[in-house]
Amino acid sequence: MTASACITTPIYYVNDRPHIGHAYTTTICDVWARAARAMGTDVFFLTGTDEHGVKVEKSAAQRGIPPQQLADENAAEFKRVLATFALTNDDFIRTTQPRHVTQVQEFLRRLVKSGAVYLGTFEGWYDEGQEEYHTENRARELGYKSPISGKPLVRATEQNYYFRLSAFADRLAAHYESHPDFVRPTERRNEMLGRMRDGLQDVPITRTNFSWGIPMPDAPGHVVYVWIDALLNYVTALGLAGGDASTEGRARYWPAHFHVVGKEILWFHAVIWPALLMALELPLPRCVYAHSFWIADGQKMSKSLGNFVDLPTIERYTGVYGLDAWRWYMATQGPIAATDADFNARHFHEAYTNDLVNTVGNCPSRVGAMIGKYCGGALPPDAEAGGHWPARCATAVERWEQCMGTFDLPGAARSAMDLLRQVDAMINETEPFKLAKDPANTARLHAILNQCAQAVRVAGVLLEPFLPGRCGDLADAFGGTRREDTPWRDRAVYGAIADGTTIRKLALFPRVEATAAAPKA
Ligand code: ME8
């Protein structure tokens, strides 16, 4: 891990209310940001809202309010999500903020000056809902219909400023070749390579048919295309073209470690964005990570089907199961890899019961109870010097770090869960409650309980980014030291609890009745 790292979510459209998709991407970035911070990395975690474009202009017109008012209202909703879910973003960028607008204009001046942006005439297949043009080949592949809305693509002609994307084809191909992890997962990388092989056409980057956007500098009537405006948020938030007091000192966070996005917007992030950065002579992000979609009971979530898991529904889940349980479900059962994931109440309940109640809750509770009963609540000494446990814990920590390095959050969670399952297995095999009946076994009993407690503490440290609420309690109960006090190397290591430390029994995750499991609207 590098000394500093930046992780970003997409900036969300303000013409939509926050839903599970937004909560998902932001939550998994939050897990990673917390993990990286725990490891001692200086993290900058960025999210925000995408506020310009025809869609916002139209939605506002329908409601009879100015677009800025719509943007203000919905940006506040998105911010409320961050607060409700205790997400630890370091900034929230809005594309209508002056700090963003002035820098976008500065970047465009640079692009015009270098010749990467020029004035020309364009004709192509336009997806009105997505505000996106498709090449002839791609449009044919799509059956001349929007892959998102299913509506017909329209043939459109415009005099516009263009970004010379075609000029970057070779450099992009070379970058993909020399940086196999630039786009992940691999399935998505292959998809991008396939599309790039069809050839890259220059992209119109201004519009003249609406006004709710950033004015193109020195080109009256031209407004910057919302996607170019939006992509630049990743560098305007860091003040790379000037910025203001809020962005000062942030240049060190570029290039981003991870841009985390949904698979539907990968082309913009994995092809157009790196080409723009090349044109601006800025370094490219280390990895663009594209996750898949949450679907609902086997069906695509969409506004028209009305089956989006919305904020009130999410809040019903957190009300019944707690915030940590929500994060756990998002991070371990979500569509992080190349396949979509089904959101359903039964599955949520099972994951909660199996993982959190029966394992993360039960194991420390058993260990704490036995130390209470047989040792008066004080950590007994271990005459066996940890046995296999120091190595097991080191392996778990190493696997966790590797998984975090590749954004494999479920894998990182598994390494901690495996540790707890091994503790459970040792208890089942050695039966401390039987050993306790004969004083001749005291040394062995003490060693086992010490080892269990030490391993539970390490697992707790590894689970903290996923379960920041309850793992704090776990750390307290197991005599732990908090992150602020102790460097990672000394925290994520076996044997940190001193003999005699008070160990408390605790109940982390209460059982929830299955009947409460389907919080309905
Ligand atoms: O595309 N499952 O914003 P947006 C998982 N403003 N994640 C989902 C999802 C689902 N069913 N639905 C949405 C935009 N998402 C642009 C981005 S970035 C420079 C500009 C998540 O409000 C996922 O992260 O439509 C997806 O990429 C994002 O929401 C789209 O948010």
Side-chain angles (χ1 to χ4, degrees), residues 7-30 46-56 59 70-71 74-75 77-78 81 87 92-96 100 104 127 129-132 146-149 188 205 213-214 224-237 256 258-274 276-277 285 288-311 313-314 329-331 333-343 407:
I7 182 163
T8 67
T9 74
I11 48 171
Y12 305 116
Y13 284 132
V14 283
N15 60 338
D16 208 358
R17 302 228 141 222
H19 56 65
I20 186 173
H22 311 125
Y24 174 65
T25 312
T26 315
T27 300
I28 58 177
C29 288
D30 185 73
L46 180 66
T47 187
T49 40
D50 189 354
E51 307 193 349
H52 290 128
V54 162
K55 281 199 268 185
V56 177
S59 304
L70 178 75
N74 276 357
E77 268 297 283
F78 279 98
V81 175
L87 298 165
F92 186 96
I93 185 148
R94 302 182 51 187
T95 55
T96 54
H100 176 73
V104 167
D127 178 339
Q130 291 303 103
E131 302 185 27
E132 179 181 6
S146 164
I148 309 294
S149 67
R188 297 276 101 87
I205 59 147
I214 298 180
V224 178
Y225 175 38
V226 64
W227 263 104
I228 300 300
D229 168 353
L231 286 166
L232 285 166
N233 94 85
Y234 301 127
V235 287
T236 61
F258 283 119
H259 287 314
V260 182
V261 299
K263 61 183 174 182
E264 85 289 12
I265 56 174
L266 184 56
W267 179 256
F268 291 102
H269 284 84
V271 176
I272 297 178
W273 179 230
L276 267 178
L277 288 167
V288 180
Y289 191 98
H291 63 69
S292 303
F293 284 147
W294 279 109
I295 52 176
D297 297 318
Q299 276 190 310
K300 187 177 186 280
M301 289 190 199
S302 75
K303 269 200 207 163
S304 48
L305 289 173
N307 62 346
F308 254 118
V309 174
D310 59 7
L311 212 49
T313 309
I314 297 174
Y329 189 66
M330 290 292 102
Q333 306 294 321
I336 200 161
T339 42
D340 293 344
D342 200 25
F343 186 92
F407 210 67

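For ligands, and for the atoms within them, numbers begin at 1 and follow the listed sequence. Only heavy atoms go into these numbers, but all of them, side chains included; no hydrogens, no water, no symmetry mates. Only a predicted model underlies this, so the values are computations on that prediction, with no experimental measurement involved.
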Could you work out, with salt bridge (Lys or Arg N to Asp or Glu O under 4.0 Å) as the rule, every residue matching E131, not counting sequence neighbours?
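Not a single residue meets the salt bridge (Lys or Arg N to Asp or Glu O under 4.0 Å) criterion with E131.
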Which of parallel (below 30°), tilted (30 to 60°) and perpendicular (above 60°) describes F407 and F258?
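Ring orientation, 0 to 90° scale: tilted.
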What's the spacing between R94 CZ and N74 CG if we round to 0.5 Å?
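Reported to 0.5 Å precision, the distance equals 10.0 Å.
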Pick, from [options], the option with the minimum heavy-atom distance to [atom].
| atom | options | result |
| --- | --- | --- |
| atom 9 (C) of ligand 1 | P18, G262, G21, C29 | G21 |
| atom 28 (C) of ligand 1 | K263, E264, H19 | E264 |
| atom 4 (P) of ligand 1 | Y24, Y13, W273 | Y13 |

Distance from [atom] to nearest protein heavy atom, with residue and atom:
| atom | value |
| --- | --- |
| atom 31 (O) of ligand 1 | Y12 CD2, 3.5 Å |
| atom 2 (N) of ligand 1 | W294 N, 2.9 Å |
| atom 16 (C) of ligand 1 | I11 O, 3.4 Å |
| atom 10 (C) of ligand 1 | F293 CD2, 3.4 Å |
| atom 7 (N) of ligand 1 | H291 CE1, 3.3 Å |

Using every non-hydrogen atom in the two residues, find where [X] and [Y] come nearest and quote the distance to one decimal.
| X | Y | answer |
| --- | --- | --- |
| T9 | T26 | CG2-CA, 3.8 Å |
| Y24 | M330 | CE1-O, 3.2 Å |
| D127 | G129 | OD1-N, 3.1 Å |

Let me see the working for D310 and T313 under side-chain hydrogen bond (donor to acceptor under 3.5 Å, both in side chains), right down to the final yes or no.
CA-CA 5 Å; D310 59 7; T313 309; 2.5 Å; yes
Ligand 1 atoms in contact with [X] (distance to a heavy atom under 4.0 Å):
| X | result |
| --- | --- |
| A230 | 19 (C) |
| T25 | 21 (C), 23 (C), 24 (O) |
| D50 | 6 (N), 16 (C), 20 (C) |
| W227 | 17 (C), 18 (S), 19 (C), 20 (C) |

[X] touching ligand 1 at heavy-atom level, < 4.0 angstrom:
| X | value |
| --- | --- |
| H269 | yes |
| S292 | yes |
| I265 | yes |
| H22 | yes |

Ring pair (Phe, Tyr, Trp, His ring centres under 6.0 Å) against H100, all qualifying residues, sequence neighbours excluded
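Expected list: none.
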With D50 as reference, evaluate V56, N233, N15, V226 under the side-chain contact (heavy atoms from CB on, under 4.5 Å) test and give the passing residue.
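One option only clears the test, and that one is V226.
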State, with a plain yes or no, whether a side-chain heavy atom of T47 is found less than 4.5 Å away from one of T25.
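In short, these two side chains do not touch, never coming nearer than 4.5 Å.
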Which part of F268 is near ligand 1, with near meaning a heavy atom under 4.0 Å away: side chain, backbone, both or neither?
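Looking at F268 and ligand 1, no heavy atom falls under 4.0 Å.
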Applying side chain to side chain contact (heavy atoms under 4.5 Å, CB included) to N307 and Q299, what does each step give before you reach the verdict?
CA-CA 9 Å; N307 62 346; Q299 276 190 310; 4.0 Å; yes
